[in-house]
Asks: 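Before I ask anything, here is the structure I am working with.
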Amino acid sequence: MTTWIALLRGINVGGSRRVPMAELRTALTDAGLTDVRTHIASGNVVFRSDRTDRARLTADLEAAIERRFGFAVAVVIRSAAELRAVYRADPLPDAAADPAHRHVIFLSANPSAERLAAIDAAAVAPDVFVVGDRVIHAWYPNGLQASRLASLLTDRGLGVTATGRNWNTIGKLVELSGGGE
């Protein structure tokens, strides 16, 4: 059985698209997932499944959530091993002392080279970013709200589903998922 992490995009933000975590756990358990756990109310789910088709699993999670809550929610999933690899890669070691301003944007697919080339590193400084496989590591030293980069690392800017988590949350998800298989 594989341990998976589902990252839901855009729920429980600003009072809209409310998804109570207990109801989410029930909906996903009813959808056939096991050991379903959530971390904080922003849509982080750790679960186990013997299913290995990522695209189908993602579609099934999105369908279960829409059935239960009445609105569509984009989901990006990673295996526990993939999440651990993202966490261990740590391409921004200078930001290690600033985990709250350090984010990882998880992507449904790799953005096109043109979309990535359109992000001018000098124009978004002091923010920095490092592109990986279906992931972008970002550091917003002046905070997310003041960031010029953050608005570019979105679905609209990248042309793929994108959802971000701060470094502390990723560390906790690695811990909750057992750190890998």
Side-chain angles (χ1 to χ4, degrees), residues 1-13 16-89 103-113 115-116 129-138 150 152-167 169-181:
M1 229 185 227
T2 301
T3 300
W4 295 97
I5 296 85
L7 306 167
L8 284 61
R9 192 199 61 218
I11 64 161
N12 299 341
V13 179
S16 64
R17 296 168 46 95
R18 303 299 303 165
V19 175
M21 293 299 101
E23 287 184 46
L24 177 61
R25 288 189 299 272
T26 298
L28 298 182
T29 299
D30 291 349
L33 307 179
T34 60
D35 299 326
V36 179
R37 292 167 284 153
T38 55
H39 173 64
I40 63 178
S42 60
N44 306 291
V45 183
V46 177
F47 63 93
R48 293 180 54 73
S49 177
D50 57 3
R51 299 172 58 193
T52 58
D53 182 337
R54 179 188 316 269
R56 187 73 205 143
L57 184 56
T58 300
D60 289 349
L61 284 164
E62 290 174 342
I65 292 165
E66 186 166 7
R67 269 192 312 277
R68 179 66 172 235
F69 299 102
F71 51 84
V73 173
V75 175
V76 175
I77 64 171
R78 294 292 187 270
S79 70
E82 289 171 323
L83 188 71
R84 182 185 63 214
V86 165
Y87 193 66
R88 286 188 176 166
H103 291 252
V104 176
I105 294 71
F106 293 91
L107 309 169
S108 59
N110 286 318
S112 70
R115 295 261 187 165
L116 292 172
F129 67 101
V130 176
V131 178
D133 181 27
R134 296 175 299 126
V135 67
I136 298 175
H137 292 261
L152 303 174
L153 302 181
T154 62
D155 295 15
R156 182 176 292 160
L158 297 170
V160 298
T161 299
T163 187
R165 300 296 186 274
N166 77 28
W167 198 249
T169 297
I170 296 163
K172 184 63 176 177
L173 291 171
V174 167
E175 178 185 320
L176 288 172
S177 67
E181 313 309 13

Asks: Y87: what forms a ring pair (Phe, Tyr, Trp, His ring centres under 6.0 Å) with it, not counting sequence neighbours?
Replies: W167
Asks: Rounded to the nearest 0.5 Å, how far does CG of L7 lie from CG of L83?
Replies: 7.5 Å
Asks: Show every side chain to side chain donor-acceptor pair (under 3.5 Å) that has at least one partner inside residues 52-66, sequence neighbours left out.
Replies: R51-D60, R54-E82, R56-D60
Asks: Are the side chain of R84 and the backbone of S79 linked by a donor-acceptor contact shorter than 3.5 Å?
Replies: no
Asks: Can you list the steps and then say if W4 with V45 is a side-chain contact (heavy atoms from CB on, under 4.5 Å)?
Replies: CA-CA 8 Å; W4 295 97; V45 183; over 6 Å; no
Asks: Could you tell me whether the side chain of L173 reaches within less than 4.5 Å of the side chain of H39, counting heavy atoms only?
Replies: yes
Asks: Should F47 and L61 count as side-chain neighbours, where that means a heavy-atom distance under 4.5 Å?
Replies: yes
Asks: Got a list of side-chain donor-acceptor pairs under 3.5 Å for residues 157-166, not counting sequence neighbours?
Replies:
from: T163; atom 1: OG1; to: R165; atom 2: NH1; distance (Å): 2.6
from: R165; atom 1: NE; to: N44; atom 2: OD1; distance (Å): 2.4
from: R165; atom 1: NH2; to: L8; atom 2: O; distance (Å): 2.9
from: R165; atom 1: NH2; to: G43; atom 2: O; distance (Å): 3.0
from: N166; atom 1: OD1; to: N168; atom 2: N; distance (Å): 3.0
from: N166; atom 1: OD1; to: T169; atom 2: N; distance (Å): 2.8
from: N166; atom 1: OD1; to: T169; atom 2: OG1; distance (Å): 3.3

Asks: In Å, rounded to the nearest 0.5 Å, how long is the span from CG of L176 to OG1 of T38?
Replies: 9.0 Å
Asks: Compare all side-chain heavy atoms of V86 with those of R78 and state whether any distance is below 4.5 angstrom.
Replies: no
Asks: For the residue pair N110 and D133, establish whether any side-chain heavy-atom pair is separated by less than 4.5 Å.
Replies: yes
Asks: Could you tabulate the donor-acceptor pairs under 3.5 Å formed by side-chain atoms of residues 26-35, not counting sequence neighbours?
Replies:
from: T26; atom 1: OG1; to: A22; atom 2: O; distance (Å): 3.1
from: T29; atom 1: OG1; to: R25; atom 2: O; distance (Å): 2.8
from: T34; atom 1: OG1; to: R48; atom 2: O; distance (Å): 3.1

Asks: CZ of F106 to CD1 of I77: how many Å apart, nearest 0.5 Å?
Replies: 12.5 Å
Asks: What's the spacing between I40 CD1 and M21 CE if we round to 0.5 Å?
Replies: 9.5 Å
Asks: What is the minimum heavy-atom distance between E23 and F69, and which atoms define it?
Replies: OE1-CE2, 3.6 Å
Asks: Could you tell me which non-hydrogen atom of V76 sits nearest to which non-hydrogen atom of S108, and how far apart they are?
Replies: CG2-N, 4.2 Å
